[in-house]
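One structure below.
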Amino acid sequence: MQEAIISKAKQLLADGTVNRVIGWKKGEFAYDITPAIFESAEEIDADFVYDDFTSANVSKYLVKESKKEGKILAFLKPCDTYSLNQLTKEHRVNRENIYVVGIPSDGKLDAEKIKAKGITGITGVEKDGDTLKINTIYGEETMPVAEAMSNKCLSCKSRKHVTYDELIGEDGEVITSDRFDMVEKLENMTSQERYDFWRNELSKCIRCNACRNVCPACTCENCVFNNPDSGVENKAAADSFEENMFHIIRAFHVAGRCTDCGECSRVCPQNIPLHLLNRKFIKDINSLYGEYQAGADTTSKAPLNDYTQDDCEASIVHERGVE
Amino acid sequence: MNTFTYYPGCTLRTKAKDLDAYARSSAEALGITLEEPKDWQCCGGAYTTAKDEIATKLSAVRTLNAAKEVGRPLITVCSACHNVIKQTNYDISNDEEMAAKVNNYLKLDEAYTGETTVYHYLEMLRDVVGFDNLKKQVVNPFKGKKIAAYYGCLLLRPSKALAMDDPENPSIMEDFIKAIGGTPVIYAQRNECCGGYITMEDKAQASKRSAKVMDSAKEQGADMIITACPLCLYNLKKNSGSDLPVYYFTELLAEALGLKEANNE
Amino acid sequence: MQRIGVFVCHCGTNIAATVDVKAVAEALSHEPGVVISQEYQYMCSEAGQNLVKDAIKEYGLTGVVVCSCSPRMHENTFRKAASSAGLNPYLVEIANIREQCSWIHKDIATATEKAVILGKAAIAKVHLNTPLTAGESPVAKRALVIGGGIAGIQTALDIAEAGFEVDIVEKEATIGGKMAQIDKTFPTLDCAACILTPKMVEASQNEKITIHSYSEVSAVKGFVGNFTATIKKKKRFVDETKCTGCGLCTEACPMKKVPNAFNLGLDNRSAIYIPFAQAVPKVATIDPNYCLKLRKGDVNDKVCGKCAEACTVGAINYHQQDEYIEQKYGAIVVATGFNPIKLDKYDEFAYNQCPDVVTSLELERLMNAAGPNGGTLLRPSDKTHPHKIVFVQCVGSRCDDSKGKPYCSKICCMYTAKHAMLIREKYPDTEVYVFYIDVRTPGKNFDEFYRRAVEQYNVHYIKGMVGKVTPKADGTIDVQASDLLSNEQLHIDADMVVLATAIEPDKTARPLATMLTTQMDTNDFFTEAHAKLRPVESATAGIFLSGACQGPKDIPETVAQASAAASKAIGLLVKDSITCNPCVAHSNELMCNGCSACEKVCPYGAITYQDKEFRMPDRTTAIRRVAGVNPAVCQGCGACTVACPSGAMDLNGFSNSQIMAEVDAICK
Amino acid sequence: MNNNLKEQVIRSSGVNVLKCMRCGKCSGTCPSYDEMEYHPHQFVYMVEKGDIETLMKSESIYKCLTCFACVERCPRNVEPAKVVEAVRLAAIRKQGNNHLIADNIPEMLDEDLPQQAIVTAFRKYTK
Amino acid sequence: MQVNENKEFQPLIVAFCCNWCSYAGADLSGTNRLNYPTNVKIIRVPCSCRVNPMFILRAFQKGADGVILCGCHPGDCHYTSGNYFTRRRMTLLFSMLDFLGIERDRTRVEWVSAAEGAKFAATMNEFTEAVKKLGPNRRLEDLRCRKQ
């Protein structure tokens with residue numbers, strides 16, 4: 001796949017379709033892949049990487065990049081195209097300045113999961129059917145692919161590209177996933193159990209803002225948490241309000257806009273399952289106001305900016321089964 | 001499903017055996033099971049409205065609690081019992097102070113605070129059996145009979161507690177009469193007191209009142225008058241001086257259902 | 001540095017009796033920025049306002065907090081005062097310590113504590129208030145009058161007289177209302193039709209007045225000076241513009257057994273009908289519940305069609321549909337009137353059992369020359385002359401809430417005296433008894449009128465109440481009642497019983513109040529803005545009250561109020577523009593993402609986007625798409641502020657930080 | 001005027017006599033009116049005045065049929081029957097004031113008399 | 001939150017009321033002298049849709065034990081559609097709070113018209129009682145342990 005992508009990138013640079021490419025390059029470790037801009041074939045040959053650890057969603061970078069001169073080439077996995085569509089709908093990107101090449105994805109790996117098996121010194125991986133061969137500085141190790149798969153990919157919702165100018169490989173379909181299972185499991189707990197769960201999880205937060213910074217929906221010019229008029233500004237001497245409510249407010253801000261890309265949980269250094277908050281909103285929206293997938297198109301009204309006269313009352317929350 | 005706790009009351013065990021027997025056999029024929037609680041007591045016959053009268057309310061509460069324990073609604077047939085039990089239940093549900101006092105006396109395992117639903121037998125016919133269904137099961141309709149329903153005071157009042165029917169323009173007994181094939185007679189005194197309660201105190205007044213009721217019914221062309229109350233029946237029959245026949249409504253019910261012969265055998 | 005003045009009102013004892021106003025002023029004086037904290041008996045009085053004005057000048061105040069009654073009551077008063085002393089009126093905040101504190105609490109300690117907290121919240125807010133300047137919005141020069149009874153007609157005539165367009169919306173097929181059904185009027189005994197019908201005609205002929213009969217107001221949007229109402233013209237199956245009111249159709253109609261609503265069901269009419277001879281508009285209407293053709297469901301079916309055949313102008317249209325008209329209005333006058341209550345709950349009076357027990361309004365029809373008996377008083381049951389008539393007062397009025405209406409219906413004592421007198425005048429052989437609890441006759445020439453009934457016409461007034469009415473087999477009615485003065489229980493063998501039935505607001509009033517966002521009391525009478533000083537205005541600006549929709553009234557009172565409401569409406573309509581609310585949304589362009597969320601939730605289309613060039617911190621310039629608010633169109637609901645993900649959108653007067661400050665002050 | 005008695009009657013009846021608007025409907029509907037010396041509305045009014053002893057001495061307290069017509073029809077929800085009962089209780093609770101004497105009962109009986117007549121008589125007229 | 005060992009727990013209730021219906025309804029309960037507890041403190045907003053979920057969270061975090069939001073009845077919004085947005089926003093917010101294990105009865109939306117003074121008072125009485133039963137709000141205030 002990497003070869004196909006690289007040759008496509010070089011071709012489009014060469015024929016002048018685009019003047020930049022956003023892709024990925026290796027970091028300190030083999031599994032540490034980060035987005036990067038390439039402006040020439042040479043740069044591409046030197047650093048361009050696309051492998052099973054390449055999960056980073058580059059759409060958010062396009063907010064800035066698409067406003068610059070010339071067209072930029074972006075390789076988007078199916079899930080990334082939802083993010084881009086949502087950004088297009090909110091006028092956050094200039095879609096005309098982006099050349100999208102859809103690339104297939106059969107799921108990305110989570111290095112943390114491999115490391116958790118006691119495998120260290122990873123230099124590369126190779127999929128062999130259901131088995132994952134891992135090259136390490138200490139020799140080759142194996143483990144089932146499924147066990148190394150990133151959580152967000154395990155509950156993948158779609159293999160379909162919702163926007164692209166060109167595709168590499170065949171397009172996939174929207175698939176049924178079990179992504180709401182954990183939300184449901186929590187819903188079935190008692191209120192106290194849920195509280196204990198979340199208190200335990202949220203207490204781990206170190207407010208590094210990684211979730212916010214990676215989120216393709218969080219692209220505000222100025223985040224409310226930085227807005228002195230919002231009343232929730234993140235000041236050094238601020239009281240604990242923003243500290244305590246950060247994740248609720250953040251989840252509410254992206255409600256109806258979150259495409260469920262799962263990046264927030266992926267990047268969380270404390271492994272807080274933040275995506276569950278977003279999924280709870282998605283699940284509620286689907287069941288209360290009809291199925292809605294943010295980013296599936298660029299024209300529909302976001303559920304929170306819409307209503308019907310027959311919407312349920314808020315008391316529906318109170319009327320749910322008594323514990 | 002259609003099983004109810006049934007409270008006959010003491011008069012139905014003695015002077016008003018008919019009222020009871022016809023009620024039971026008719027219920028059975030209509031697919032209703034009536035279960036008598038083990039040890040019920042006399043309800044006291046008259047409800048004392050006084051807030052500082054607690055002891056006189058206890059026996060009714062015991063009956064209500066017995067029904068609560070088996071988890072079924074309570075059915076009564078005698079108007080007086082119904083009135084006493086229903087008013088007791090209403091007050092204990094709405095007057096916390098009284099409920100507390102009653103429960104202090106009774107020392108039940110679990111306080112009784114009005115949980116039991118109380119129906120009069122007529123309400124059971126209307127709301128459980130349905131007058132339309134009843135009509136289908138009638139074998140001896142009272143065709144052409146002009147029947148006057150006598151509610152008296154106990155079945156309807158006070159309406160906020162009894163809540164059976166419109167206290168001034170009731171229709172439940174008239175609908176019952178229609179169901180058994182008769183023609184109801186509307187007359188003004190149907191919801192006025194016959195003076196039954198005062199029969200021991202002032203017979204003359206009881207006579208005067210009951211005569212007024214009977215005359216009013218007769219004036220409107222009634223062939224007979226029906227009641228749910230043993231005291232009314234006694235008073236209307238004995239003290240009114242009228243020749244208009246007076247029956248328990250259950251007797252007509254049993255007859256309409258073709259059960260009267262069996263009962264009398 | 002803020003310099004805030006706090007003023008705590010006693011409102012006589014309205015506040016001071018439950019809130020320790022001195023303690024409140026004391027406590028608030030220690031709040032940051034407060035430079036003066038005073039209490040005074042009546043802050044809204046001239047002297048009270050002067051306190052505020054003087055303090056503004058003396059202390060150079062930058063903000064004013066008045067702890068008093070609801071801002072809905074006097075916010076404007078204090079804003080004006082501040083303004084006249086040179087302080088921007090929007091630097092004034094009200095802490096509502098009357099309606100929302102002293103009037104609902106009893107314990108002085110806790111009420112005072114709450115008042116202090118409410119004061120602190122207002123101070124916290126005023127710290128963040130900014131000076132605002134109000135714009136202006138035009139006034140639509142047209143009034144809407146809802147209800148076409150005597151109240152609505154009078155209001156419309158007065159407004160039209162002043163030169164403004166008026167639309168009357170009447171739900172029945174004709175205007176005229178209850179007064180059209182009345183026979184004679186007290187205390188002068190002149191005929192109601194003789195004084196009403198000329199006014200009806202005048203209304204229909206006035207060029208400024210448009211009458212929408214058989215119509216309802218189905219939606220009202222907007223605000224004072226700028227309401228938009230949707231009027232539903234119900235399908236009457238007759239083209240109003242063609243129908244001449246000749247009545248040939250009503251004669252041709254084979255369905256003659258329709259209860260005549262105008263005569264309260266005392267006789268019958270045809271399925272196609274003109275309510276009464278002087279109806280305005282005099283246009284036929286088909287009652288679809290009775291029309292043989294329309295009841296079929298398929299109008300193309302060849303059933304009947306007699307009315308269409310009879311009509312010489314081709315006005316009948318079985319295919320007619322409801323029509324909706326949208327119109328802009330500057331002012332709205334509510335004149336929805338009253339109805340007698342249903343008597344189902346009072347069947348001890350045998351109303352449902354005996355046709356000869358009637359309501360007073362039914363008696364009006366029975367005595368009216370255009371009524372079912374051509375003006376001869378006959379019993380409905382057997383059309384014989386009644387020789388003994390009993391009137392029962394206060395049926396359903398003055399009751400405990402659980403039993404009926406708690407208020408006095410006000411008009412019954414007088415119309416009963418009128419009825420009694422008219423009957424004795426016309427049928428001297430008829431005995432008339434009136435059972436009363438009190439005879440209430442405050443009004444010019446009213447008590448004299450009642451005395452005439454007693455002294456001149458020998459009507460038997462008996463103090464006591466009827467307990468039971470018993471129809472007897474011989475057709476007479478036994479009326480059992482107490483005579484409190486002679487201490488006996490009476491039985492009267494009457495031929496007719498007339499019940500002075502309580503009156504209640506029309507059932508359409510409550511949904512209308514909700515539509516207009518006006519207040520109503522628990523009895524569904526519209527609440528006036530001030531019980532004494534603003535009796536014809538509702539608390540919602542631009543909505544006025546006319547007639548019995550505001551409380552029981554007789555005809556002269558109704559007409560007086562109708563004219564008063566008209567003059568208030570005219571006072572509004574003569575203005576070319578009114579000051580509009582400066583509390584509108586605004587967008588912080590530096591924060592705006594250009595995402596369009598605000599635009600999608602704005603009900604007024606007040607938000608538009610444009611690409612603007614911005615200098616970025618790195619000295620480059622960038623073109624960004626940003627939202628802008630049109631302050632003349634924005635009404636200040638704030639929907640956009642919450643939809644905005646970045647918090648760029650905020651609302652003047654109710655900004656995020658202001659509300660947060662209030663929350664913090666309350667929760668401290 | 002006997003304030004203790006008045007208080008007792010008001011407490012026992014649970015009736016707020018001040019709600020009465022003196023329309024007399026209770027007395028207009030009472031089936032025992034002619035048998036009573038003091039009528040339902042007078043009970044309410046006299047309790048308000050505190051004139052309880054007069055009522056206690058009157059035979060009227062035994063003439064009420066407890067038919068609740070006055071309770072049902074009172075426009076002000078005053079419940080005069082409860083006042084009558086409270087006054088009666090105040091009377092019969094006094095030592096030796098039982099209105100029904102057991103020894104007198106047999107002669108009142110007849111073969112059809114339902115026992116509820118006897119039970120209620122005891123309940124209403126004795127302590 | 002005012003807790004006194006000997007005294008009954010007195011919850012702090014913040015009520016956001018829209019200016020046109022509910023605030024007027026609250027005034028009407030005052031005019032009609034219909035009591036409700038002093039625990040309730042009203043904040044006036046132009047429309048229920050002005051209430052940002054942040055305000056509600058802020059109130060809880062600062063010590064409120066219950067927050068109620070009152071607006072015009074659906075269909076009767078002075079601004080045509082504001083309360084429809086409110087309804088969706090609050091439904092989702094309340095559902096999220098429930099999901100986080102916050103007691104459901106601490107939040108409520110009630111539609112109170114300007115004519116419903118009695119309903120306003122009754123609602124406030126009920127709501128205060130319900131919150132009283134729950135006791136002080138600790139969960140939301142402490143959703144995140146204080147950092148060490």
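Computed from a prediction, not measured in an experiment: that's the story for all the values here. In what follows, chains carry the letters A, B, and so on, assigned in the order in which the sequence lines appear, proteins first and then strands, with residues in each chain numbered from 1.
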> So which of E:Glu103, E:Met90, E:Arg108, E:Arg89 has the largest heavy-atom pair count under 4.5 angstrom toward chain A?
Replying inline: E:Arg89
> Which residues in residues 302-317 of chain A have any heavy atom lying under 4.5 Å from a heavy atom of chain E?
Replying inline: A:Pro303, A:Leu304, A:Asn305, A:Asp306, A:Tyr307, A:Thr308, A:Gln309, A:Asp310, A:Asp311, A:Cys312, A:Glu313, A:Ala314, A:Ile316, A:Val317
> Going from CZ on E:Phe60 to CD1 on A:Ile248, what distance comes out if it is rounded to the nearest 0.5 angstrom?
Replying inline: 10.5 Å
> Which heavy atom of E:Leu92 sits nearest a heavy atom of A:Phe281, and at what distance?
Replying inline: O-CE2, 3.4 Å
>> What part of E:Leu69 gets within 4.5 angstrom of chain A, counting heavy atoms only: side chain, backbone, both, or neither?
In response: neither
> Does the side chain of E:Arg104 reach to within under 4.5 Å of the side chain of A:Ser191, using non-hydrogen atoms?
Replying inline: no
> Checking A:Leu277 against chain E: side chain, backbone, both or neither under 4.5 Å from a heavy atom?
Replying inline: both
>> Out of E:Val109, E:Asp105, E:Ile102, E:Leu100, return the one with the most heavy atom pairs under 4.5 angstrom to chain A.
In response: E:Leu100
> Within a reach of under 6.0 Å around NZ of E:Lys133, are more than 12 heavy atoms found that belong to other residues, nucleotides or ligands?
Replying inline: no
> Which answer fits E:Asn52, side chain, backbone, both or neither, if we ask what part of it has an atom under 4.5 Å from a heavy atom of chain A?
Replying inline: neither
>> Under a 3.5 Å distance rule, please check whether A:His318 uses its side chain to pair with a backbone N or O of E:Thr107 as donor and acceptor.
In response: yes
>> Can you confirm whether A:Lys115 is buried at NZ, in the sense that more than 12 heavy atoms of other residues, nucleotides or ligands lie under 6.0 Å from that atom?
In response: yes
> Using non-hydrogen atoms and a limit below 4.5 Å, what part of residues 252-264 of chain A faces chain E?
Replying inline: A:Phe252
> Any side-chain heavy-atom pair from E:Leu140 and A:Met245 closer than 4.5 angstrom?
Replying inline: yes
> What is the distance from atom OH of A:Tyr195 to atom CZ of E:Arg138, rounded to the nearest 0.5 Å?
Replying inline: 10.0 Å
> Looking at CD1 of A:Ile285 and CZ of E:Arg88, how far apart are the two atoms once the value is rounded to the nearest 0.5 Å?
Replying inline: 8.5 Å
>> Can you confirm whether A:Lys160 is buried at NZ, in the sense that more than 12 heavy atoms of other residues, nucleotides or ligands lie under 6.0 Å from that atom?
In response: no
